[in-house]
Amino acid sequence: DASAMMRRVQEQGGQAAYVILGTALPSGHHTPRFDIDEACIRTGIELFGTAVLELTGTMQDDCRT
């Protein structure tokens with residue numbers, strides 16, 4: 001579970017966050033009809049990729065939009 005992993009990271013002096021990118025689903029998670037809207041994948045890559053670059057200080061000024 002994510003909260004247990006985050007707690008362990010924090011106990012070791014690290015920082016942790018839980019982030020989820022939601023999308024409309026025709027059925028719930030862990031069901032035979034689970035499907036994701038592939039159009040949302042690019043948004044997720046941009047969101048999480050930018051967060052990593054910002055948090056690590058590796059974002060170049062010309063990459064910021």
Interatomic distance, NE2@H29 vs CZ@F34, rounded to 0.5 Å, equals 4.5 Å
Give the minimum heavy-atom separation between T23 and I36, together with the two atoms involved. CG2-CG1, 3.7 Å
Q15 CD: over 12 foreign heavy atoms closer than 6.0 Å: no
Smallest separation among heavy atoms of C40 and L21, with atom names: O-CD2, 3.9 Å
Nearest heavy-atom contact between L53 and T56 is O-OG1, 3.4 Å
Rounding to 0.5 Å, atoms CD (Q10) and CE (M5) come to a distance of 10.5 Å
Check for a donor-acceptor pair, side chain of T31 on one end and backbone N or O of G28 on the other, with a separation under 3.5 Å. yes
On a heavy-atom basis, the closest approach of S27 and R33 is CB-CB, 3.5 Å
Just how far is it from atom CG of D1 to atom CZ of R7, taken to the nearest 0.5 Å? 7.5 Å
